[in-house]
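Structure first, then comments.
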Number of protein chains: 2
Amino acid sequence: MAGFTTIKDVAREVGVHPSTVSRALDPSQRDRLGPSIVERVLEAAERLGYRPDAAAASLRSGRSHLIGIIVPDIANPVFSPIISGLERALAARGYALIVVDQPPDRTAQPDILQMLVARRVDGLVLANVSLRDDAVERCLRWQVPVVLVNRAETTARVPSVVSDDIAGMRLAVEHLVGLGHRAIVHVAGPQSLSTGSLRRRGFIEAMAAAGLAVGGDAVMEAAAFTREAGLPAARELLKRRPDATAVIAANDLLALGVYEGLREQGRRCPDDVSVIGHNDMPLVDMVSPPLSTIRISHREMGERTGQLLLDIITGARETITQIVTQPELVARGSTAPPTPLTPQFG
Amino acid sequence: MAGFTTIKDVAREVGVHPSTVSRALDPSQRDRLGPSIVERVLEAAERLGYRPDAAAASLRSGRSHLIGIIVPDIANPVFSPIISGLERALAARGYALIVVDQPPDRTAQPDILQMLVARRVDGLVLANVSLRDDAVERCLRWQVPVVLVNRAETTARVPSVVSDDIAGMRLAVEHLVGLGHRAIVHVAGPQSLSTGSLRRRGFIEAMAAAGLAVGGDAVMEAAAFTREAGLPAARELLKRRPDATAVIAANDLLALGVYEGLREQGRRCPDDVSVIGHNDMPLVDMVSPPLSTIRISHREMGERTGQLLLDIITGARETITQIVTQPELVARGSTAPPTPLTPQFG
DNA sequence: TTGAAAGCGGTACCAC
DNA sequence: GTGGTACCGCTTTCAA
C-alpha cells in the first residue's frame, strides 16, 4: 500500500506546513485560512491524487466513519432492503457500512460484536435482536451508539425503528372480517422475536376488538420465519381447526408454507381458505394465488435507521427515539369471502 | 472512544515491554517468546478486556483486513447471496466486508471506488462491471487486488468468478429441443453486461448446434435485467414471432416479465408457450406456473470469490484465475412439449 | 493566520 | 528471547 500521496507530499508541493494542509482540507476549519492558500492546497491535492488515509484519521480522531450492521441473514428479502436503505443514508453523510451475517444457529461463533467494536465502528445497527438481547446489554456497557431495526426489545432502552406490528395485524384481521370471515387462525412467528410476539398479540387483540373469540388452538407458533417452518405449523393448525376459513401468517414466507399445507390437504386458496401474509416481499404478487399481505417498507426503515443513528453519533439527537412506521394492507388474490360467491337464495 | 485497554496497559500489568505484548498476541510471532510470558500476557489481555485497535494496526502494517464489494443492488436476489457467501468466506479468515450499492443510474455520484481505496481496503470485489469497465482499469493502475464476480469483462485481465453462461443456455435450449420445440426465441439481457452478452451468444450457438436457424427477429434485448424491462421486450418479441412456442429469458426476472406478456395476450404457459429463466432465484418455484430455470449457486460464487481474493492478497496465488461454475437445469412447470399432449392419431 | 510538535495504538526493525 | 525505538498519516493543541 506504499506509494499513496500523503498530506506531507501536498504540503511540500504547496510549500506550507502539513497541518495547514490538514486544515485546508477540513471544511469546518477552512475559513480560518487565507483563501489563496486553501485554493492552492485544494488544487495540489487534486493534482497529486491525494486521498486521506481513513486509518490514520480514525486513529487520531477516534472516529472511523464506519457503521456496523449485524443481520441474521443478508439474503433474506426482508433484510436486504434494510441494508440497502441504510447504506444509502450512511453514504450520503460520508459513512460506510460493514455488514455481518450472524445466523441464529451458528453457536460458539467468534464474537462478532467485539470484532466490530475492535474495528472502532462509530455506531451499530442490530437487526437480529431477541426480546431481551445480550448484545444490546454490551453496547450499552461499552457506550457504543446503537439502533435496533425491524426487531426491537421489550424494554425501550435503546432507539429502534420498527413497523407497527400490532397495527399490521389489525389491518389483516379487519380485512378478513370485512370479507365475512369469523373462523380465523394464526401461524405465529418465533415468540422470542418482537415481530413474532407482537404480531401474535396484535392478532389476538384485533380479534377481540372484532368480537371474535380466540381459543388456545387458534394460534400455532412456527419454529422460524421460513417456508420450511411454515408447512408443519400449517399442517398442525389446519388439523386442529378444520373449520378455519382464513389463516393469517406472521410473515410471507410462513404464508407460502401455508399454501403448501393447503395444497397437501387438497384445499384451495382462496376458495376454501383465505391466506394473508406480512411484509409484501418481492415476488409474492406472482405466486399463485397472488398473496394478500401487509406491506412494510423495509428500505425506508433502513434509511430512517441510518439517519437516526447518525443524528445520535453527531449529537444532534439526545433522546431515545422509537420510530414506528405504519404498514398498509395489500389485498390480492389469496383473500376472498369465506363461502363461494353463489348467493344463498332460499 | 477513550477508555479502551491498550497494549501498553497490558504491558504494564504483566511487567513487560509493549512490543513483547504485541508479539505474544501475534500467533506467528508467539513461538519466539517464552511460554510463561505468552501465557501471562494472554491472561492479562483477557482479564483487562483488551481489543486490538484495527485502525492503529492498519496504519502501521498497511493491512486493514477490510474488503470492499460494489454491487448494483444489494436487494437484488442475485447479489444478496453473493454478498452472504463472500462475507462468510472472509469472516472465516478474519476479514470484514464493506458493502456499497452503486445503482447504474446514479450518475455523477461520489467516487465509490476512491472512497474504498481511501479506506485502504486490502482488496475489492466488483459485482457490477460492464464488458470493459473503467473501475477495473483503475484498480489495476492503483494495484488494488480485485476479483470480479457474476459479471466479467471481455478480456481476462483480472481474476473472476462467474457461472458458465454459455453452458447454461445450452442446457436451456437442449431442454426445450428435447421437449420438441423448434421455434424458440430469446429475451436477452443488456448486451453491455457479460451475462447478457454471453447468454445471448450461448443461445445462438446452442440453437445452431441443434440445427435450428436463429433469425434476427428471434432475439430481443431488454433494457435491464428486471421484470419491468421484460414485459415490453416480451410484447415485441411475441408480436414479431407469433409462431414461437418457447421463450428463453436471460434471467428469472425477465422470465416473469414474459409471463405478464403472455397473460396480456391471453396465451397460456406452458400450454401455448413454454418459458425458461436463468438463476433459480428464491420463490420462482412458487409462481404460477413454477418456473423452469437454470440454477446458479450465487452463494457458492461468493464464497469462492472470497477465497480467491484472500489467496491473492496473502500471496498464496499468483496467476490470474478465472473460476467458472457449472449451472444446472431445473425443470418445473413452465416448460412442456409444444403441442397439447393429445397424441396425433389419424 | 500559520508553524511546530505531540501523539493516537500498534508494528517492525534494531540492538542486546 | 526481550527491550528500545522509530514511525505509519493524520489531527489537534499550543505557540508564535
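Just so it is clear, the model here is predicted, and its values are computed rather than measured. Per chain, numbering begins at 1; letters A, B, ... match sequence-line order.
In this structure, B/Leu25 atom CG and C/dG10 atom P are separated by 9 Å, rounded to whole Å. Between A/Ile7 atom CD1 and C/dG3 atom P there is a gap of 13 Å when expressed in whole angstrom units. Rounded to whole Å, atom C1' of C/dT2 lies 16 Å from atom CG of A/Asp26. One atom, CZ of A/Arg120, and another, P of C/dG10, lie 7 Å apart when rounded to the nearest Å. Rounded to whole Å, atom P of C/dG10 lies 16 Å from atom CD of B/Gln29. Taking atom CG on A/Leu33 and atom C1' on D/dT12, their separation rounds to 14 Å, with Å as the unit. Atom CZ in A/Arg119 sits about 15 Å away from atom C1' in C/dG10, given to the nearest Å. Atom NE2 in A/His65 sits roughly 20 Å away from atom P in D/dG9 (whole-Å rounding).
The A/Ser61 side chain lies nearest to D/dT11 when the options are D/dT11, D/dC8, C/dT1. Taking every side-chain heavy atom of A/Ile37 into account, C/dT2 is the closest of D/dG9, C/dT2, C/dC8. For A/Leu59, taking side-chain heavy atoms from C-beta onward, the closest of the listed nucleotides D/dT2, C/dG9, D/dT11 is C/dG9. Nearest nucleotide to the B/Val16 side chain, out of C/dA5, D/dT11, D/dG3: D/dG3. Considering only side-chain atoms of B/Arg23, the nucleotide from D/dC8, C/dC8, C/dC13 that sits closest is C/dC13. The nucleotide whose nearest atom lies closest to any side-chain atom of A/Ser19 is, among D/dG1, C/dA4, D/dG3, C/dA4. Closest to the side chain of A/Thr6, from the set C/dG10, D/dT11, D/dG9, is D/dG9. Listed nucleotides C/dG10, D/dG1, D/dG4 differ in distance to B/His17; the shortest reach to its side chain belongs to D/dG4.
Using a cutoff of 4.0 Å between basic side-chain nitrogens and carboxylate oxygens, A/Arg93 and A/Asp311 are scored as salt-bridged.
Under the 4.5 Å side-chain criterion, counting only non-hydrogen atoms from C-beta, A/Pro18 is not in contact with A/Thr6. Contact check for B/Thr321 versus B/Leu308: side-chain heavy atoms found under the 4.5 Å cut-off.
Here the closest non-hydrogen pair linking B/Val121 and B/Ile67 is CG1-C, 4.2 Å. Of all non-hydrogen atoms in A/Ala96 and A/Leu90, the two that sit nearest each other are O-CD1, 4.4 Å. Contact detail for B/Asp133 and B/Asn128: the closest heavy-atom pair is OD2-O, 4.0 Å. For the pair B/Ser84 and A/Asp101, the tightest heavy-atom approach, listed with the atom from each and the gap, is OG-OD2, 3.0 Å. Here the closest non-hydrogen pair linking A/Leu66 and A/Tyr95 is N-CD2, 4.0 Å.
For the pairing with A/Val147, the side chain to side chain contact (heavy atoms under 4.5 Å, CB included) check across A/Ile69, A/Leu126, A/Thr305 returns one residue only, A/Thr305.
For the OP1/OP2 pair of C/dA12 and a distance below 4.0 Å, the side-chain nitrogens and oxygens of B/Arg32 include no atom meeting the criterion. Listed pair B/Arg60 / D/dT5 fails the phosphate criterion, with no side-chain N or O lying under 4.0 Å from OP1 or OP2. Considering only side-chain N and O atoms, A/Thr20 lies nowhere under 4.0 angstrom from the phosphate OP1 or OP2 of C/dT2.
For the residue pair B/Ser194 and B/Arg151, no side-chain donor N or O sits within less than 3.5 Å of a side-chain acceptor on the partner.
Summary of the strand contacts: A/Ala56 and B/Gly15 both lie near DNA chain D, and taking for each the nucleotide with the nearest heavy atom, the more 5' one is attributed to B/Gly15.
End-to-end axis angle of the helix from C/dT1-D/dA16 to C/dC16-D/dG1, using five pairs per end and rounding to 10°, comes to 40°.
Within residues 38-53 of chain B, no residue approaches DNA chain D, by heavy-atom distance under 4.0 Å.
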